[in-house]
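Within every chain, numbering begins at 1; the chains are lettered A, B, ... in the order of the sequence lines, protein sequences first and strands thereafter. Note that the coordinates shown come from a computational prediction; the quantities given were computed from them, not determined experimentally.
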Number of protein chains: 2
Amino acid sequence: MPKIETSRVRAPRADARRNRDHILGIAEQYFSEHGVAGSLDAIAKQAGVGAGTLYRHFPNREALLAALLIARDDALVSRRDDLRNRSENAADALAGWLDAVSEWAGAFDGLPEPLRAATTTSPSPLAVTCQGFITTTDEFLQAAQNEGSARGEVRARDLFLAALATSWVRGAAMADDASAAALAALTRNGWEL
Amino acid sequence: MPKIETSRVRAPRADARRNRDHILGIAEQYFSEHGVAGSLDAIAKQAGVGAGTLYRHFPNREALLAALLIARDDALVSRRDDLRNRSENAADALAGWLDAVSEWAGAFDGLPEPLRAATTTSPSPLAVTCQGFITTTDEFLQAAQNEGSARGEVRARDLFLAALATSWVRGAAMADDASAAALAALTRNGWEL
DNA sequence: GGCAATATGGAGACACTCTCCGTCTTGTCC
DNA sequence: GGACAAGACGGAGAGTGTCTCCATATTGCC
């Protein structure tokens, strides 16, 4: 009797893991400086690996972005827990959460666009992350609605997109911070009762 | 005494004007089908001119876009006049105007992005168009504020960006129409008193 | 008709994405 | 520790796009 097939996939080789992590580190820095549209080949070169290596680990820009964001998820998740525990009321919690989302989406210049695309055209490595945050948004929203502080017709998905839009308006290098703040305020007035 | 320098620039040659118009027509169609990120060389080829000809008339994508939008300005301007004349109250007029702007920004897939960029980083051929519409937005907004139906702290620029954002959320091929409508409603709740 | 001013086309320099495959590493089994 | 297969590597190069340059062609005016 042959070895039982416990795990279909073998653990990745040590050099592969090393390279993957290293690329991720360089990409984080590179996207921070050049925005999400920066050259992938440049990232490979800067990481000291061939283009093929980069593309094997991350078949396209979205996959790389998704891997990068997973590392940042923790921050947003712990922010969520903070808001759950420490908020005086559900409306403030929801507002705080949306602020956090919009800040998260501003991690790299140009990030809101692929995130928006991922929420509408599902099969994207970014979609899972987005979907998770939409679910969280829904929790906060429902709490606020039960509390009577949020309009009933508002949907979580729309609030998530509004937070993305806020970040989008800010544009490159925090170009229009005032307008982003104004949009956030507008949004809150929009859903709050 | 030499000829007085009345107009510094000569009128363009007939062939130049013909080519320019023709390129514009093809570009309109091409961008409608492929979005604003479509290939410029492809437009040149389809128009039956060399790449150089296209780039001489329109040094970059933004210039071409700006020329294209000027042709569409009329529609928005006449919509503005309609709203001025036919609206029952200033709040409805402002809401109608913002809807019109957001529809205008959805003329081509991907158009909201360059428009947004043009409102923040000034030296862009699109900036004049945007600035004009922001001014119009301000007129409608001030009327609504005087009427007591719009919050005082809201700025015209922010509403214009909100309309752009609404269009942006809709994304390619009207992918998320419901969310765009929701965002528009959210925005109205946001500024209205 | 002839001449200067203008406009044209398309080859080609350069940048970017992504694939393919000959070569090199790793881990495993003896 | 050696050997062998699975797995990973790099970088050349195909494909696509932007934009420039300039020898050649077209216009409009005298």
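Evaluation of the ring-ring contact (aromatic ring centres under 6.0 Å, His included) test over residues 53-84 of chain B, restricted to residues two or more places apart or in two chains, returns none.
If you measure from atom CG of B/Leu64 to atom P of D/dT18, you get 11 Å, rounded to the nearest angstrom. One interatomic measurement links the two molecules: CG of A/Asn60 to C1' of C/dT17, which rounds to 11 Å at whole-angstrom precision. Summarising the geometry, the separation between OH on B/Tyr55 and C1' on D/dG17 is reported as 8 Å, rounded to the nearest angstrom. When the C1' atom of D/dT18 is taken as reference, atom CZ of B/Phe58 falls 17 Å away, rounded to whole Å. In this entry the distance linking CZ of A/Arg61 with P of C/dC18 reads 7 Å, nearest Å.
Of the side-chain N and O atoms in A/Ser39, none sit less than 4.0 angstrom from OP1 or OP2 of C/dA15. Proximity of B/His57 to the phosphate of C/dT8: a side-chain N or O atom is located under 4.0 Å from OP1 or OP2.
Using a 4.0 Å cut-off between charged side-chain N and carboxylate O, B/Asp138 and B/Arg155 make no salt bridge. A salt bridge is defined here as a Lys NZ or Arg NE, NH1 or NH2 lying under 4.0 Å from an Asp or Glu carboxylate O, and B/Asp92 with B/Arg188 meets this definition. A salt bridge links B/Arg84 with B/Glu139; the closest basic N to acidic carboxylate O contact falls under 4.0 Å. Comment: B/Arg116 does not engage A/Asp176 in a salt bridge, judged by the lack of any side-chain N to carboxylate O separation of less than 4.0 angstrom. Under the 4.0 Å criterion applied to side-chain N and carboxylate O atoms, A/Arg72 and A/Glu28 are assigned as salt-bridge partners.
Using the six-membered ring where Trp is involved, B/Trp168 and A/Trp168 have ring planes that are parallel, under 30° apart on the 30 and 60° scheme. The aromatic rings of B/Phe133 and B/Trp104 stand perpendicular to each other, their planes meeting at an angle above 60°, with 30° marking the opposite boundary.
The listed nucleotides are C/dG27, D/dT18, D/dC9; the one nearest the side chain of A/Arg56 is D/dC9. Candidate nucleotides D/dT26, C/dG27, D/dG7 were compared by shortest atom distance to the side chain of B/Arg13, and D/dT26 ranks first.
A heavy atom closer than 4.0 Å to some atom of DNA chain D occurs in A/Gly48, A/Val49, A/Gly50, A/Ala51, A/Gly52, A/Thr53, these being the qualifying members of residues 40-54 of chain A. The stretch residues 15-33 of chain A touches DNA chain D through A/Asp15, A/Ala16, A/Asn19, each having a heavy atom within less than 4.0 Å of the strand.
For the atom pair CZ (A/Phe140) and CD (A/Gln145), the distance works out to 14.0 Å, reported to the nearest 0.5 Å.
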